[in-house]
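As structure tokens, the structure follows; a few thoughts come after it.
As the structure lists them, so they are numbered: ligands from 1, and atoms in each ligand from 1.
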Amino acid sequence: MRFDIITVLPELLESPFAHSIVKRAKEKNLVEIHIHNLRDYSKGKNRQVDDYPFAGKGGMVLMIEPVDKAISHLKKERVYDEIIYTSPDGELFNQNIANSLSLKGNLIILCGHYKGVDHRIREHLVTREISIGNYVLTGGELAAAIMVDGIVRLIPGAIGDESSALSDSFQDNLLAPPVYTRPAIYNGWEVPPVLLSGNEKEIDQWKHQQSIERTQLLRPELLK
Ligand code: ADE
């Protein structure tokens, strides 16, 4: 799988992909993540990529030409399954979207910035708009990092124990059961005895019951 991320702040995206599961997935060649500086596609002398909005006040807009050039350059090299624009206007990112995007081959993510991008890019080039929540961030870079992280961990082989991504919260619209590790008793606080019983069937039943109870308690809307 391959991500091409177009951004005005490439430095912001260095660390999120340099650790843990995403780092290992890159090392195992399960994923390539390429960061492209939008300013490299500017023809202005100051590498300008934003301009004042027509008939608007305050806030700059990402210009159509550098964005079009960056996307065209990438599209000449390969076919993309989606060209995603990160925006608070988009569909809300969730586990279903992460699952379906993890099955794709090549994705472009265009990070919004300032007041957004010239709308013609959204009308003519972007195939999908995704938001990570009902709040406004300074730019789409952190949203892109969250999406890539959520997607990459689902690629088969990215997580050591393959079943572990499937038992995540939300995979079946249920929250994950609580987890514990050694010591079995700390400060008099005990791990539920069933987890020490070695009885696989009872353990599975307990975990499922806990998932249902926690979902009912904490996120009842997921059960509807
Ligand atoms: N850019 C600014 N806010 C955003 C959000 N909530 N989701 C995705 N991209 C954004």
Side-chain angles (χ1 to χ4, degrees), residues 1-22 31 33-42 47-54 56-71 74 80-104 106-155 168-170 173 219 221-222:
M1 177 167 199
R2 175 180 171 122
F3 292 90
D4 287 281
I5 306 179
I6 304 170
T7 168
V8 291
L9 284 176
E11 301 82 10
L12 196 50
L13 288 170
E14 274 164 24
S15 179
F17 308 134
H19 307 277
S20 182
I21 289 169
V22 179
V31 66
I33 304 171
H34 299 267
I35 314 289
H36 306 274
N37 189 341
L38 185 61
R39 292 187 194 283
D40 293 343
Y41 296 89
S42 163
R47 309 212 323 141
Q48 182 187 357
V49 290
D50 58 336
D51 208 340
Y52 293 98
F54 284 125
K57 276 192 237 129
M60 304 293 272
V61 175
L62 289 177
M63 297 156 76
I64 190 166
E65 188 175 351
V67 177
D68 178 40
K69 278 189 174 163
I71 292 175
L74 292 169
Y80 285 91
D81 297 291
E82 299 276 13
I83 300 178
I84 297 168
Y85 175 59
T86 57
S87 161
D89 306 353
E91 56 182 323
L92 271 187
F93 189 64
N94 61 23
Q95 196 62 45
N96 284 341
I97 296 177
N99 287 341
S100 71
L101 291 178
S102 75
L103 303 173
K104 306 286 185 194
N106 300 318
L107 299 176
I108 291 177
I109 303 180
L110 170 64
C111 300
H113 218 82
Y114 312 117
K115 275 281 172 203
V117 68
D118 188 305
H119 202 71
R120 289 167 288 183
I121 293 287
R122 296 168 71 172
E123 286 170 333
H124 300 290
L125 296 177
V126 165
T127 61
R128 199 160 181 178
E129 304 195 344
I130 300 183
S131 163
I132 58 157
N134 290 330
Y135 41 81
V136 180
L137 302 166
T138 315
E141 286 74 16
L142 297 178
I146 284 170
M147 289 193 289
V148 170
D149 186 290
I151 293 165
V152 167
R153 60 194 305 288
L154 298 169
I155 300 172
D168 285 341
S169 284
F170 299 110
N173 264 354
R219 300 292 304 276
E221 76 280 6
L222 292 176

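- Contact residues for ligand 1 (protein heavy atom closer than 4.0 angstrom to any ligand atom): Thr86, Ser87, Pro88, Ile130, Ser131, Ile132, Gly133, Tyr135, Val136, Leu137, Gly139, Ala143.
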Worked verdict on Thr86 versus Leu110 for side chain to side chain contact (heavy atoms under 4.5 Å, CB included): CA-CA 6 Å; Thr86 57; Leu110 170 64; over 6 Å; no
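- Applying the side chain to side chain donor-acceptor pair (under 3.5 Å) test to pairs two or more places apart or on separate chains, those with a residue in residues 106-116 are His113-Glu141.
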Step-by-step side chain to side chain contact (heavy atoms under 4.5 Å, CB included) determination, Ile84 to Val126: CA-CA 6 Å; Ile84 297 168; Val126 165; over 6 Å; no
For residues 56-69, which side-chain N or O atoms pair as donor and acceptor with protein atoms under 3.5 Å away, sequence neighbours left out?
| residue | atom | partner | partner atom | Å |
| --- | --- | --- | --- | --- |
| Glu65 | OE1 | Lys43 | NZ | 3.3 |
| Glu65 | OE2 | Lys69 | NZ | 3.2 |
| Asp68 | OD1 | Ser72 | OG | 3.3 |

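- Residues Ser87 and Glu129 have side chains that never bring a donor and an acceptor to within less than 3.5 angstrom of each other.
- Applying the ring pair (Phe, Tyr, Trp, His ring centres under 6.0 Å) criterion to Phe3, with sequence neighbours excluded, gives no partner residue.
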